[in-house]
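Here's the structure we're looking at; comments come further down.
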There are 2 protein chains.
Amino acid sequence: MTTRRATITDVAALAGVSVATASKALNGKDDVRATTRQLVIDAATQLSFQPNVLAQGLLSGQTRTVGLLTSDMVGRFGIPVLLGAENAFGAGEMAVLLCDARGDAIREQHYIRTLLSRRVDGLIVVGESTNPRPSITKDVPVPVVYAYAPSDDPADVSFVPDDEGGARLAVRHLIATGRTRIAHITGPTDYKAATDRDRGIRGTLDEAGLELAGETLYGAWSQRWGRLAADMLLLNEPKLDAVFCGNDQIAAGFIEAARERGRRVPDDIAVIGYDNWEVLSEETRPTLTTIDPDLERLGHTAAQHLFAAIDGKATPGVHSMPTRLVIRDSTAPSMPEL
Amino acid sequence: MTTRRATITDVAALAGVSVATASKALNGKDDVRATTRQLVIDAATQLSFQPNVLAQGLLSGQTRTVGLLTSDMVGRFGIPVLLGAENAFGAGEMAVLLCDARGDAIREQHYIRTLLSRRVDGLIVVGESTNPRPSITKDVPVPVVYAYAPSDDPADVSFVPDDEGGARLAVRHLIATGRTRIAHITGPTDYKAATDRDRGIRGTLDEAGLELAGETLYGAWSQRWGRLAADMLLLNEPKLDAVFCGNDQIAAGFIEAARERGRRVPDDIAVIGYDNWEVLSEETRPTLTTIDPDLERLGHTAAQHLFAAIDGKATPGVHSMPTRLVIRDSTAPSMPEL
DNA sequence: CTACGTTACGAAAACCTTTTAGGTGATTTC
DNA sequence: GAAATCACCTAAAAGGTTTTCGTAACGTAG
C-alpha cells in the first residue's frame, strides 16, 4: 500500500527506451514505431502507471480542474444546479473543487483565494436565489460562469431560469383547461423570482383578455403562508377557479386549506405550483401540477459554457433557460355546466 | 487579466534576494534576518504572489486535496454529511474534489481512478442509506473514511448515525411524557435503519415493562404510507396513545390522517418523527417532535478522522454518532383523567 | 594571528512530465 | 561515392517550489 507509485522513468526503464520515447508512446504521438509503442504500453500497464497530474499541470499551466463556488448548499436550489454541473465536468474529464461559502462574503473571498492558488482553469458560481449577486469576474484571472443567481455585471456569463416564461407556461395551461379567474400567491417581494413570475402572469392574462383575480399575494415561501393566503383568498374571491402558487410548498398549503374549507381541487379550483419539488408535488392530494425549472440542465449548460470560455469562446450575457410544465392531477380541466 | 502570475522568482528578484531565501522568508523558516524577511514579504504582497500548489505538491508528494465520493446527491442524507465534511476540510486548508457516482458502481470505479490520478491524500465515501456498502479501501493507496453508509469491512473506518440510540431517545421521551401504548411505523424492511430502530424501540419498551402496540408496520418512507398506516393502526389499536414514525414524511402523513379521523395530536396521540427535516417538521400542524441524526456533525467528524488517518493515526471500526431529540408540539405531555 | 562557531544567504538538486532540438544509422538520390 | 532524406530515438530544458548543502562574513576564544 505504501509502495511508491511508478513514474514514467520506471516505465521507460522497464521498456528499455528513453523517458521521451515512453512519453510519446503513451500520448499517441508520432515518431515511435508500433512495436516500441506496444512495448511501452505493456510496461505501463504492468506497473499500473498513471501520469502525475501535478507534473503535467505544472508544465502545461492547465490543471483540468474547475472551482465550484456555491453560496448555500443547505437550500434546495443550489444542489440540482451543482449536480448538473458536476455531471458535465465529470464527462469532460475535469475535476471539480467544491467550496460552500454559506452565503458569507468573507468565506467566499477566502475560497476564491484558495481556488486560485490551486490554479483552477475556471470558476462556476452557483447562487441560491435568482437575485443578481456581486460579480467576481474582474478579481479573477480565469473565466467565470454564474448559475442560477446571475452576476450583476451584464458583461459576465450568467445562466438563470426563465421565471417569466415559466409563469406564462403555467397560466397558458390554466387558461387552456378552462380557467378564467386566476389568483397569484407567492413569496416575498424582494425575490426577483416572485416579481418576474408576476410579470409573466399578468402579461399572459392580458393577451387572453383576462385579469388577475385580486391582487398578487406576496408573503413567504412556506406551506404556512399557503394556508393563510388560501383562507384570505377563498373569502375575498368567491368565484376563484385557479391559483398560481410561487412554489410547491405554498401550493401544498393552499390545497390543504382549500379542502378544509370544502373546496375541491381540481374540480372547483385548479392549483399549480413551482419548482417540481417531487417530495412535495407527488405527495399532495391531488398530486400537484407544477413548473419544473430544470435546474440540473441549467447547471449542465453553465458547465459546458465554462468549458467554452476556458477555450476562449465566452458567450457573455444573461441567458434564460427554459422551464417545463409538469402536469399532474391538481389542474384537471374544469367541466363548466356539469 | 491575462498577465502571467508572479512566481517566487519574481518575488526574489524584487526583494533582491535569492529564490531560496525568499522561500524561507515566506515559509517562516529560520536562517533569515528579520529585515530581509520583511523585504520579501513586502515584495510578495506587492506582486500578490501565491505559491503554485502544483509545484509544492510535486515536491512534497502531498496535494492537500481529498476526494469526496458520494453515491447519490439527489437523496436527502448525503448532502448534510457532505456539507459537514466540506466545512471541516475548508478549515483544514484542504480542498475537496467532488464526485457523484449516482449509485452506479461503474461511475464509482471511474471516479476512483480519476481521484487517484490526481493524487488525492485521502478519500471520504458518503452513502445514501445506513446499509453497509462494499469496501474500496484495499483498492486504494490512500486512507479512506466511510460516512453514513459504513464499509462492509469492519477493519475500515466508518461513521454512522446511532439509529438504535435515536429510537431509544424517542421512546424514553414518549414514556416520560406519559405514553404507554406506542406503535412503530417505518420504511421497508431491507433498510438497516428501520430494523435498528425497531430494536432500539423494543429494548427501551422492555426495560420499562411495556410492549409495542401491534406489530411494526414496515412500508415505504413516504407520506402516503404514513396516511395508510395511520388508517390501519387507528382501526386496530383503539387505545393507541403514541406512534414512533420512521421519518418525518411518514409522521406528517400520520398526523394528517389522524386529524381526518378525528384524533387530536398530541392530546389523543403523540407523534414523533425521525430526521428533523425542517421543511416538513416545522410545517406540520402541530409541529413535529423528531430525532435529529446530526448528519452535519457526522460528516465533520468523519472528515477530521480522515485527517488523522492521513497523518497515520487511523481509528478503525464502525463509530456510532449520537443523535438529538428535538421537541416540538406533537408530543406535549398527555393529561390522564382530564 | 589562528581556530572555530554562528549567522545569513545563495547555488543547485529534486519532484515528474512533455516538448524541442538534435543525433544516429539506414536508405535513397544525384 | 557524396549528399540528402527518412524513421526512430535520446538528451536536455522547462515548469515553480522546497530543501540540502556550501560559503562567505563576522565575532570570539585562545
Of the listed nucleotides ([options]), which one gets closest to any side-chain atom of [X]?
{"X": "Val19(B)", "options": "dT17(C), dT17(D), dC9(C)", "value": "dT17(D)"}
{"X": "Ala20(A)", "options": "dT18(D), dC9(D), dA12(D)", "value": "dA12(D)"}
{"X": "Thr7(A)", "options": "dT17(C), dG16(D), dC9(D)", "value": "dT17(C)"}
{"X": "Arg33(B)", "options": "dA8(C), dT17(D), dT17(C)", "value": "dA8(C)"}
{"X": "Ser18(B)", "options": "dT17(D), dT17(C), dG10(C)", "value": "dG10(C)"}
{"X": "Thr21(B)", "options": "dC9(D), dG10(C), dA14(C)", "value": "dG10(C)"}
{"X": "Leu59(A)", "options": "dT18(D), dT18(C), dC9(C)", "value": "dT18(C)"}

Q: Classify the side chain of Lys24(B) and the base of dT17(D) as holding, or not holding, a donor-acceptor pair under 3.5 Å.
A: no

Q: Specify the residue among Gly16(A) and Gln56(A) whose closest nucleotide of DNA chain D lies further upstream toward the 5′ end.
A: Gly16(A)

Q | Aromatic ring pairing His305(A)/His319(A), orientation class (parallel under 30°, perpendicular over 60°, tilted between) | A | tilted

Q. Of Ala22(B) and Leu58(B), whose closest DNA chain C nucleotide lies nearer the 5' terminus?
A. Ala22(B)

Q. Toward the 5' end of DNA chain C, which comes first, Phe49(A) or Thr35(B), by nearest nucleotide?
A. Thr35(B)

Q.
Looking at Arg107(A) and Asp104(A), is any side-chain nitrogen of the basic one under 4.0 Å from a carboxylate oxygen of the acidic one?
A. no

Q) Hey, is CZ on Phe307(B) packed in by over 12 heavy atoms from elsewhere, all under 6.0 Å? A) yes

Q. Would you say dT17(D) has OP1 or OP2 under 4.0 Å from some side-chain N or O of Thr9(B)?
A. no

(Q) Could you walk me through whether Asp42(B) and Gln38(B) satisfy the side-chain hydrogen bond (donor to acceptor under 3.5 Å, both in side chains) test, starting with their C-alpha distance in whole Å, then the side-chain angles of each, then the deciding distance to 0.1 Å, before giving a yes or no? (A) CA-CA 6 Å; Asp42(B) 289 347; Gln38(B) 195 54 51; 3.1 Å; yes

Q. Just checking Ser60(A): base, sugar-phosphate only, or nothing, at a heavy-atom cut-off of under 4.0 Å?
A. nothing

